[in-house]
Amino acid sequence: MTSAAPARVGVIGAGRMGGGIAQTFAQAGSRVTLVDNGEQAARQGLARITDSLQRAADRGLLSEAAETVAARITPAASLSDLPADTVLVVEAVFEDATLKAGILADVEKTVGPQTLLATNTSSLSVTELAAALDRPERFLGMHFFNPVPASALVELVTAPATARDTLERTLDFVHALGKKDVVVKDSPGFASSRLGVALGLEAIRMVEEGVAEPEAIDDAMTLGYKHPMGPLRLTDLVGLDVRLSIAEYLHATLGERFAPPRLLRDKVARGELGRKSGKGFYTWQ
Ligand code: NAD
């Protein structure tokens, strides 16, 4: 059986990730309601998606006209604009547990009983977010990667209450997007962030101890282990502040092995945040 994209999707948050998620579903044929804080923010989100679709079309990456895909996305100012027959809602607002829990509880009141709910959190506990819902069996983590249209993976995170059917239907949607899945039980950092941050922190400790220069450490992983990018260059791209906040969370939940190195704290305090600030472990133009 071939996988089919959900007919109607809701995406909450029209930022970097929500925009990419909305675009990806629209490219697979779903009708998407894109909700942000007010009409202007939602329209701006759609404008960014339209630009991204046009760039994809210019590079020959779309099978339809960019306008045809963009026309499937409707910007919306409020959660109450979500149609009741929405098949799947993906929440992608700021990484704030209280904000996310409140939004998920409000979504549950708006959509029908069959609608599946997902969070795109990169680190928060899916189990704790599930506690905000009356029907947590229809909820799971759907962790997309940036940039969403080009990335190959979606990490699905199940909480103890997630129903088997919820996981199976969501797996089908992931495959309809042309992406691969990994399924993990909810635990701090899931699989991707936990392993990625562990490698990144060890690389930073090696710089701190003077073991080698950043280029040499990255070359060891790219040339020796065939990683597409070294851990320090990746830390620069993600943002040192973002990495520090995930490391602090993993330190609090998983223990000393995730203690953020002094060098990481010092660089963040100096404003050396990686590519976005022009300097991290490398200098960026
Ligand atoms: P972002 O800041 O680009 O976008 C967040 C959007 O949420 C903004 O447009 C904001 O206006 C909107 N928003 C805030 N409160 C809202 C509300 N009450 N109702 C509707 N919209 C609201 O952030 P992002 O980078 O897209 O991250 C979003 C989520 O995805 C976070 O949970 C983040 O941890 C996760 N994530 C991010 C990445 C990444 O690389 N950026 C990767 C994986 C997961």
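Whatever order the structure lists ligands and atoms in, that order sets their numbers, starting from 1. As the structure is a prediction and not an experimental result, all values here were calculated from the model.
- Ring centroids of His143 and Phe145 are separated by less than 6.0 Å, placing the two rings close together.
- Ligand 1 has no nitrogen or oxygen under 3.5 angstrom from a nitrogen or oxygen of Thr121.
- Side-chain contact check for Thr86 and Arg8: no donor-acceptor pair (N or O, by modelled atom type) lies under 3.5 Å.
- Within the 4.0 Å heavy-atom criterion, neither part of Leu79 lies near ligand 1.
- A chain of hydrophobic side-chain contacts below 4.5 Å, direct or via other Ile, Leu, Val, Met, Phe, Trp or Tyr residues, connects Ile217 to Leu263.
- The protein atom (non-hydrogen) at minimum distance from atom 40 (O) of ligand 1 is Asn146 CB, 3.4 Å.
- Nearest protein heavy-atom contact of atom 39 (C) of ligand 1 is Met17 SD, 3.7 Å.
- Of all the heavy atoms of Asn37, the ones lying under 4.0 Å from any atom of ligand 1 are found in both the backbone and the side chain.
- Numbered from 1 in the order shown, with element, the atoms of ligand 1 that lie under 4.0 Å from a heavy atom of Ala92 read 5 (C), 7 (O), 28 (C).
- Between Ile12 and ligand 1, no pair of N/O atoms sits closer than 3.5 Å.
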Tell me, with the steps shown, if Glu209 and Arg205 meet salt bridge (Lys or Arg N to Asp or Glu O under 4.0 Å). CA-CA 6 Å; Glu209 291 166 17; Arg205 279 190 275 270; 5.9 Å; no
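- Considering both main-chain and side-chain atoms, Lys100 comes within under 3.5 Å of ligand 1 through a nitrogen or oxygen pair.
- Remark: Arg233 is positioned above the aromatic ring of Tyr282, its terminal NZ or CZ atom under 6.0 angstrom from the ring centre and at most 45 degrees off the axis.
- Regarding atom 30 (O) of ligand 1, its nearest protein heavy-atom neighbour is Asn120 ND2, 3.0 Å.
- Open room surrounds CD on Gln40; 12 or fewer heavy atoms of other groups in view lie less than 6.0 Å from it.
- Residues Glu272 and Ser277 have side chains that never bring a donor and an acceptor to within less than 3.5 angstrom of each other.
- For atom 31 (C) of ligand 1, the closest non-hydrogen atom on the protein side is Val93 O, 3.3 Å.
- Listed for the Asp181 side chain is no donor-acceptor partner under 3.5 Å among the backbone atoms of Val154.
- Checking side-chain atoms of Glu208 against main-chain N and O of Pro261 turns up no donor-acceptor pair under 3.5 Å.
- Nearest protein heavy-atom neighbour of atom 3 (O) of ligand 1: Arg16 N, 2.9 Å.
- Residue contacts with ligand 1, taken as heavy atom pairs separated by less than 4.0 Å, involve Leu99 solely via side-chain atoms from C-beta onward.
- Within the 4.0 Å heavy-atom shell around ligand 1 one does not find Ala41.
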Please report the C-alpha distance between Phe144 and Leu177 in whole Å, then the side-chain angles of each, then the deciding distance to 0.1 Å, and finally whether the side chain to side chain contact (heavy atoms under 4.5 Å, CB included) criterion is met. CA-CA 11 Å; Phe144 287 87; Leu177 298 177; 4.0 Å; yes
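- Across Leu82 and Gly10, no two heavy atoms sit closer than the pair CD2-CA, 3.8 Å.
- From the protein, the heavy atom lying nearest to atom 8 (C) of ligand 1 is Asp36 OD2, 3.6 Å.
- Using a 4.0 Å threshold on non-hydrogen atoms, atom 23 (O) of ligand 1 does not count as touching the protein.
- Those atoms of ligand 1 that come under 4.0 Å of a heavy atom in Ile103, given as number and element, are 17 (C), 18 (N), 19 (N).
- Residue contacts with ligand 1, taken as heavy atom pairs separated by less than 4.0 Å, involve Phe144 solely via the backbone atoms N, CA, C and O.
- For Glu95 and Thr121, the side-chain atoms include at least one donor-acceptor pair closer than 3.5 Å.
- Heavy-atom proximity to Ser122, at under 4.0 Å, picks out these atoms of ligand 1: 33 (C), 34 (O), 35 (C), 36 (N), 44 (C).
- When only non-hydrogen protein atoms are considered, atom 4 (O) of ligand 1 lies nearest to Gly15 CA, 3.3 Å.
- The protein non-hydrogen atom at the shortest distance from atom 32 (O) of ligand 1 is Glu95 OE1, 2.5 Å.
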